[in-house]
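Here's the structure, in structure tokens; my notes come after.
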Amino acid sequence: MGLRETESSLRAYLLLAGIVGLMIGAVGILPAHGHGLAGWVPVISKLVEGAAFVWAGRRLRTALLAGTRGIERVLIGSGVLVFAEGAIVTAAGGSLSAFHDVFGVGWDLLTMAIGLAITIYLYRSVVRLSAEAFKRAGLPEAPPSATALP
């Protein structure tokens, strides 16, 4: 049995990732000026993701029993933003990352893949923690979402 997120560790991760994302987005505003779309997409996505993760972290405890639909949407949106950011930056042939200069375009693709893997892991953890919270509270399982695949 591998490592499993707990409610507290997931909440701490969401809050920390959100705060760091907001800080990275705020710091990236000045360098992004003059880099076109490839410069602004990462900044905007970090600001949006950061704010959404802080919201999800603050709401996690009550959402596990009330319904995690909003947090699931935040994580799906985060995955879409990670993919879009990686695709746009790679298509533009550049990055604001110092690692891009050393490792090339492959670095952008690697960070995109890692970001997507983390997002999928977090999504699965939220779904699992919600099911466990329902079971602990003695409530029947939450109905599957209409968009859930069998």
Side-chain angles (χ1 to χ4, degrees), residues 2-33 35-100 103-134 141-150:
L3 293 174
R4 294 178 78 164
E5 289 290 330
T6 63
E7 179 183 329
S8 297
S9 66
L10 183 59
R11 184 172 192 263
Y13 175 83
L14 290 171
L15 289 170
L16 182 62
I19 291 167
V20 168
L22 286 169
M23 290 174 21
I24 290 171
V27 169
I29 290 174
L30 291 177
H33 184 68
H35 285 280
L37 184 62
W40 281 104
V41 167
V43 171
I44 293 169
S45 74
K46 293 295 180 249
L47 291 171
V48 169
E49 279 180 292
F53 273 39
V54 167
W55 173 83
R58 301 241 333 132
R59 185 154 162 28
L60 181 67
R61 185 161 286 141
T62 57
L64 289 177
L65 282 174
T68 56
R69 168 85 57 211
I71 294 174
E72 290 172 9
R73 286 181 179 156
V74 164
L75 292 170
I76 290 169
S78 174
V80 169
L81 283 175
V82 166
F83 182 79
E85 177 184 332
I88 289 170
V89 170
T90 301
S95 172
L96 298 179
S97 167
F99 290 107
H100 174 79
F103 300 111
V105 173
W107 176 259
D108 294 324
L109 295 175
L110 177 64
T111 57
M112 179 181 69
I114 291 170
L116 285 172
I118 290 170
T119 303
I120 291 167
Y121 171 75
L122 292 173
Y123 181 87
R124 293 184 66 179
S125 293
V126 165
V127 171
R128 179 184 55 78
L129 287 170
S130 180
E132 289 174 3
F134 269 81
E141 269 189 54
S145 65
T147 59
L149 296 175

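Across every non-hydrogen atom of Val74 and Ala56, the tightest pair is CG1-CB, 4.5 Å. Annotation for Arg11 and Leu60: closest pair N-CD2, 3.6 Å, computed over non-hydrogen atoms. Between Ala51 and Leu22 the shortest heavy-atom distance is N-CD2, 3.7 Å.
Here the side chain of Thr68 pairs no donor or acceptor atom with the backbone of Ile71 at under 3.5 angstrom. The backbone N or O of Glu5 lies less than 3.5 Å from a partner atom in the side chain of Arg128, making a donor-acceptor pair.
Looking at heavy atoms from C-beta onward, Leu75 lies in side-chain contact with Phe53 at the 4.5 angstrom threshold. Residues Val54 and Leu14 fail the side-chain proximity criterion, which asks for heavy atoms closer than 4.5 Å. Taking 4.5 Å as the limit, every side-chain heavy atom of Phe83 sits out of range of all side-chain heavy atoms of Thr119.
Between atom CG of residue Leu64 and atom CZ of residue Arg59 there is a gap of 10.0 Å, rounded to the nearest 0.5 Å. Taking CG of Leu81 as the reference point, atom CD1 of Ile76 lies at 12.5 Å (rounded to 0.5 Å). How far CD of Glu7 is from OG of Ser130: 10.5 Å, rounded to the nearest 0.5 Å. Distance CG/Leu129 to CG/Leu65: 11.0 Å, rounded to 0.5 Å.
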